[in-house]
Amino acid sequence: MSKLFSPLTLGTVTFRNRIFVSPMCQYSSREGFPTDWHLVHLGSRAVGGAGLVMVEATAVAPEGRISPDDSGIWSDAQGEAFRPIARFIAGQGAVPGIQLAHAGRKASTDKPWNGGGPLSMDERGWQPEAPSGLPFAEGHPLPKELTIPELDVLEEQFRLAARRSLAAGFQVVEIHMAHGYLLHEFLSPLTNHRTDEYGGSFENRIRFPLRVVRAVREESPADLPLFVRLSVVDWLEGGWDLGQSVLLTRRMKTLGVNLVDCSAGFAVPEEQIPAGPGFLVPFSAAIRSAVAIPTGAVGLITDPAQAEQIIATGQADVVSLARQLLRDPYWPLHAAKALGVEMPWPDQYLRAK
Ligand SMILES: Cc1cc2nc3c(=O)[nH]c(=O)nc-3n(C[C@H](O)[C@H](O)[C@H](O)COP(=O)(O)O)c2cc1C
């Protein structure tokens, strides 16, 4: 009996298996609106058998985009534009999810295939906003330090983005608290040098991210799952670490977070990442056992037996795959075959099974 292909229920939502499509920016939106690319790209992965298809980091405010062509949900019209995407994903038996994000000081950059560097004002760029006026790296712009009234606005932007997401038909909302973007910038002492009640002590650094969790939770019916993606460590001495992630996750569990997706890093360019197959899985295992909360494992998970082993040994409740699902949108159908699991194919494709 495969554990990877056993269903998982969180709240009233049942995932047909534990293979999740990790959120992946496509740099293919127009003024924040998703395009045909998104319907086909995300739709293919739902057809391919994933349990959940998560829409890319979707900005809650225009300044929160990583690049000008990132997805956004800062208007009702954008929310409506996601409706056919959520409907198609659900129609294929996958759960539609959306990651809500603000890029903080890492905003206003070019698409990766154009080099990914910072964009100036006359190249469709803008001044990024962050907890502290510290640029990400040399050559990156000085971010504007957010004021307390601006934090009130941001909290409201996350709240409204969650409301629009649920109205569009998404059944899972994920708060992006990882990868050196705004909420992670509040958490990490490397990026948060504030001297007010939002910086300094652990309690102060988690204050704004927890405000966002509360606001988004208030918007979501209690039976719909709320996920958080966390960078569990900064990979640098003096940075955010596993101990703090455990303490924060305990608090988020009390506030009604249902699953923590355990990523790591990308707050500062000096980090030292020991990448290798499944290298982040121990973080998921540690949080899961310390906090007793469902977790997701991510990072260089590519092989069906490896994914099965992660779930079967209790190191995670789900696996999130990114690049392997770009190589093969039908990976879940192929993994089922490799593991000897009978998984229904879409009727339209049955003659190829
Ligand atoms: C093209 C691309 C876009 C990505 N965009 C996002 C994103 O929007 N949000 C996010 O949390 N992670 C993003 N990531 C990170 C992935 O979700 C994932 O955590 C990472 O690629 C490691 O998983 P993998 O080894 O299976 O690729 C992106 C990765 C890729 C390759």
Side-chain angles (χ1 to χ4, degrees), residues 4 18-29 32 34 37-38 41-42 44-45 48 50 52-60 64-73 82 85 97-104 106-107 109-116 161 165 170 172-185 187 209 227-233 235 259-267 271 273-284 295-304 306-307 310 316 318-329 331-332 335:
L4 183 65
R18 283 120 187 288
I19 303 163
F20 286 7
V21 179
S22 206
M24 279 181 279
C25 290
Q26 298 295 296
Y27 313 95
S28 302
S29 303
W37 177 266
H38 293 89
H41 161 72
L42 296 162
S44 305
R45 278 138 195 92
L52 167 135
V53 177
M54 183 75 76
V55 173
E56 68 191 65
T58 300
V60 301
R65 288 170 294 174
I66 304 166
S67 86
D69 295 328
D70 278 4
S71 287
I73 191 156
F82 279 103
I85 295 173
I98 185 166
Q99 187 184 50
L100 300 182
H102 191 297
K106 290 171 79 178
T109 58
D110 209 346
K111 299 177 203 295
W113 56 83
N114 291 339
S165 301
F170 290 105
V172 170
V173 168
E174 175 169 281
I175 300 172
H176 199 347
M177 223 181 261
H179 301 169
Y181 299 120
L182 185 83
L183 297 178
H184 182 188
E185 289 163 15
L187 298 178
F227 293 6
V228 168
R229 179 165 255 204
L230 200 57
S231 273
V232 176
V233 299
W235 303 122
L259 182 141
V260 174
D261 195 12
C262 299
S263 188
F266 303 114
E271 65 186 2
I273 307 181
F279 71 119
L280 302 176
V281 176
F283 294 134
S284 161
T295 59
V298 66
L300 291 170
I301 301 168
T302 55
D303 175 69
Q306 175 198 20
I310 292 167
V318 303
V319 287
S320 286
L321 275 65
R323 287 164 291 180
Q324 193 61 13
L325 281 165
L326 294 185
R327 296 178 192 114
D328 177 8
W331 191 89

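Quantities reported herein were computed from a predicted structural model and do not represent experimental measurements. Indexing begins at 1, ligand by ligand and atom by atom, following the structure's order.
Ring geometry, H179 versus F266: the interplanar angle exceeds 60°, so the pair is classed perpendicular (tilted spans 30 to 60°). Using the six-membered ring where Trp is involved, F227 and F20 have ring planes that are parallel, under 30° apart on the 30 and 60° scheme. Taking the six-membered ring for Trp and thresholds of 30 and 60 degrees, W37 and H41 have nearly parallel ring planes, at less than 30 degrees apart.
At least one side-chain heavy atom of L300 sits less than 4.5 Å from a side-chain heavy atom of R323. The shortest side-chain heavy-atom distance between L100 and I175 does not fall under the 4.5 Å cut-off.
When heavy-atom distances to ligand 1 are checked against a 4.0 Å cut-off, R229 comes that close only through its side chain, counted from C-beta outward.
Numbered from 1 in the order shown, with element, the atoms of ligand 1 that lie under 4.0 Å from a heavy atom of H179 read 10 (C), 11 (O), 12 (N). The ligand atoms of ligand 1 that sit less than 4.0 angstrom from a heavy atom of G299 are 22 (C), 23 (O), 25 (O).
A donor-acceptor pair under 3.5 Å links the side-chain atoms of W331 to the main chain of T302, judged by distance alone. Checked by atom type and distance alone, the side chain of Q99 never pairs as donor or acceptor with a backbone atom of H176 at under 3.5 Å. A distance-only check finds no donor-acceptor pair linking the side chain of S320 to the backbone of S22 [under 3.5 Å].
The N/O atoms of Q26, backbone and side chain alike, include none that comes under 3.5 Å of an N/O atom in ligand 1. Residue V298 has no nitrogen or oxygen atom sitting less than 3.5 Å from a nitrogen or oxygen atom of ligand 1, judged on distance alone. Checked against a 3.5 angstrom limit, the closest N/O atoms of Q99 and ligand 1 fall inside it. Annotation: S22 places an N or O atom under 3.5 Å from an N or O atom of ligand 1; distance criterion only. For a threshold of 3.5 Å applied to N or O pairs, the pair formed by A322 and ligand 1 contains at least one separation below that value.
Tested against M54 for a side-chain contact (heavy atoms from CB on, under 4.5 Å), the candidates R229, R45, E174 yield a single pass: E174.
Looking at S263, P23, A178 and measuring to atom 7 (C) of ligand 1, the nearest heavy atom belongs to P23.
Closest to atom 31 (C) of ligand 1 among all protein heavy atoms lies R323 CG, 3.6 Å. Atom 3 (C) of ligand 1 has its closest protein heavy atom at C25 N, 3.3 Å. Scanning the protein for heavy atoms near atom 29 (C) of ligand 1, the closest one is M24 CG, 3.9 Å.
Put simply, part of H176 is less than 4.0 Å from ligand 1, judged by heavy atoms.
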